[in-house]
Amino acid sequence: GRIPTDKGYRVYVDSLLKPAQLTQVEKRKIKRSLESENLALGPILEQTSRVLAYISNQLGVIVAPRFESGILTRITMVPVAQSRVLVVVAVKSGLVRSIVMEVETDLKPELVEQTASLLTERLGGLSLGELRENIRERLSGISYGDPKLLELFVDSCDDIFSEHLNENIHAEGTANLVRHPEFRNVDDISKIIGIVEDRTFLANIFDYNDNEKPSIAIGTEIKQGQAGAVSVVSSTYNAGTSKGVLGVMGPTRMPYSKIVSVVEYTARLLSKMLSN
């Protein structure tokens, strides 16, 4: 009748755990929920976190594929004012990043379009990490396009290609967590809400890894002070050449066998959808 320790749960997870079979109804619910969204990556990931929360009755979390590891497919530039241009960077995984740049000169639409085509031609096919390292070399010796716009693009590449943490993480199901008896008092509720709202904290917990099977971190194994009362089941998924991570957070007594199956099936389904 005693509450198992974290070590006790670890023995169970490593030696006794047998993933539960999801019912056909549960599989259909997951599949239908993901396929009902439009094809934009952001809404798909947001819906995935909702599905994880709904099926598991815990907190569903998904971290977008790393933008920096994506392969550049296209750069588009659209003048939005005399000296302002919207830059849109698209990568193979479906991620898109946009930024408005201020240019110290009036923009000519034909030169803006020419500059965007040039950037796509010179930089397309590179990972964004590679691009940041040798962008000046790739754009040297250019005699066409808008030189000031090109120079500004190079100077702004850190802002354009860096990770934006708040855009990368979707979390749903906070209400599910606070309903559990482990978090019934005000201090515990406050702590849980603090965990969910801290995107840096969530990013550290749901970190990228190359495990083919779901990984499980229990209580104090998470190595984050305020997370001692929770466990995390997570798995990577593929989006083109990039990887993301999704999973579930709940109390340490969560039904691991069911959660592992939910996380594994959702990651596999999402990888298939994004690869197609």
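Numbers for residues simply follow the sequence, beginning at 1.
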So, using side chain to side chain donor-acceptor pair (under 3.5 Å) as the criterion, who are the partners of Arg268 when residues are at least two apart? none

Residues that Asn57 engages under side chain to side chain donor-acceptor pair (under 3.5 Å), provided they are two or more places apart: none

Between Met77 and Leu107, is there a side-chain heavy-atom distance shorter than 4.5 Å? no

With sequence neighbours excluded, what pairs up with Glu110 under the salt bridge (charged side-chain N to carboxylate O under 4.0 Å, His left out) test? none

Do you know which two heavy atoms are closest between Ser49 and Glu46, and how far apart they sit? OG-O, 2.7 Å

Using a 4.5 Å cut-off on heavy atoms from C-beta on, say whether the side chain of Val263 contacts that of Leu246. yes

Quick one, Ile75 and Phe153 - any side-chain contact, counting heavy atoms below 4.5 Å? yes

Check whether Ser234 reaches the backbone of Phe206 with its side chain - one donor and one acceptor, N or O, closer than 3.5 Å. no

Non-hydrogen side-chain atoms of Gln58 and Pro255 separated by less than 4.5 Å: yes

Quick check against the 3.5 Å criterion: does Thr73 have a side-chain atom that pairs as donor or acceptor with the backbone of Ala90? yes

Quick one: list whatever passes side chain to side chain donor-acceptor pair (under 3.5 Å) with Arg28, sequence neighbours left out. none

Quick check against the 3.5 Å criterion: does Gln114 have a side-chain atom that pairs as donor or acceptor with the backbone of Gly145? yes

Testing Ile259, Val260, Val232 one by one against Pro214 for a side-chain contact (heavy atoms from CB on, under 4.5 Å), which residue passes? Val260

So, using ring pair (Phe, Tyr, Trp, His ring centres under 6.0 Å) as the criterion, who are the partners of Tyr256 when residues are at least two apart? Tyr9

Residues two or more places apart in sequence or in another chain: which of them pass side chain to side chain contact (heavy atoms under 4.5 Å, CB included) with Ile193? Thr174, Ile189, Glu197

Who passes side chain to side chain donor-acceptor pair (under 3.5 Å) against Ser127, sequence neighbours left out? Glu130

Leu270 and Ile62, any side-chain heavy atoms less than 4.5 Å apart: yes

By side chain to side chain contact (heavy atoms under 4.5 Å, CB included), Ser83 pairs with (sequence neighbours left out) Glu102

Contact between Ile55 and Val248 at the side-chain level, heavy atoms closer than 4.5 Å - yes or no? no

Got a sec, which residues hit salt bridge (charged side-chain N to carboxylate O under 4.0 Å, His left out) with Lys258, two or more places apart in sequence or on another chain? Glu26

Using 0.5 Å steps for rounding, measure from the CG atom of Leu52 to the CD1 atom of Ile30. 7.5 Å

Test salt bridge (charged side-chain N to carboxylate O under 4.0 Å, His left out) applied to Arg74 - qualifying residues, sequence neighbours left out: none

Taking salt bridge (charged side-chain N to carboxylate O under 4.0 Å, His left out) as the definition, give me every residue that meets it alongside Glu182, ordered by chain and number, with sequence neighbours left out. Arg253

Around atom OH of Tyr265, are there more than 12 heavy atoms from other residues, nucleotides or ligands closer than 6.0 Å? yes

What's the shortest heavy-atom distance between Gly219 and Ser231, and which atoms? N-OG, 3.6 Å

Tell me, do Val230 and Ile192 make a side-chain contact under 4.5 Å, heavy atoms counted? yes

Leu45 and Leu269: same hydrophobic cluster, using ILVMFWY side-chain contacts below 4.5 Å? yes

The complete set of salt bridge (Lys or Arg N to Asp or Glu O under 4.0 Å) pairs with one or both residues in residues 135-148, sequence neighbours excluded, reads Arg136-Glu151, Arg136-Asp155

Least distance between heavy atoms, Glu221 atom then Ile216 atom: OE1-O, 4.1 Å

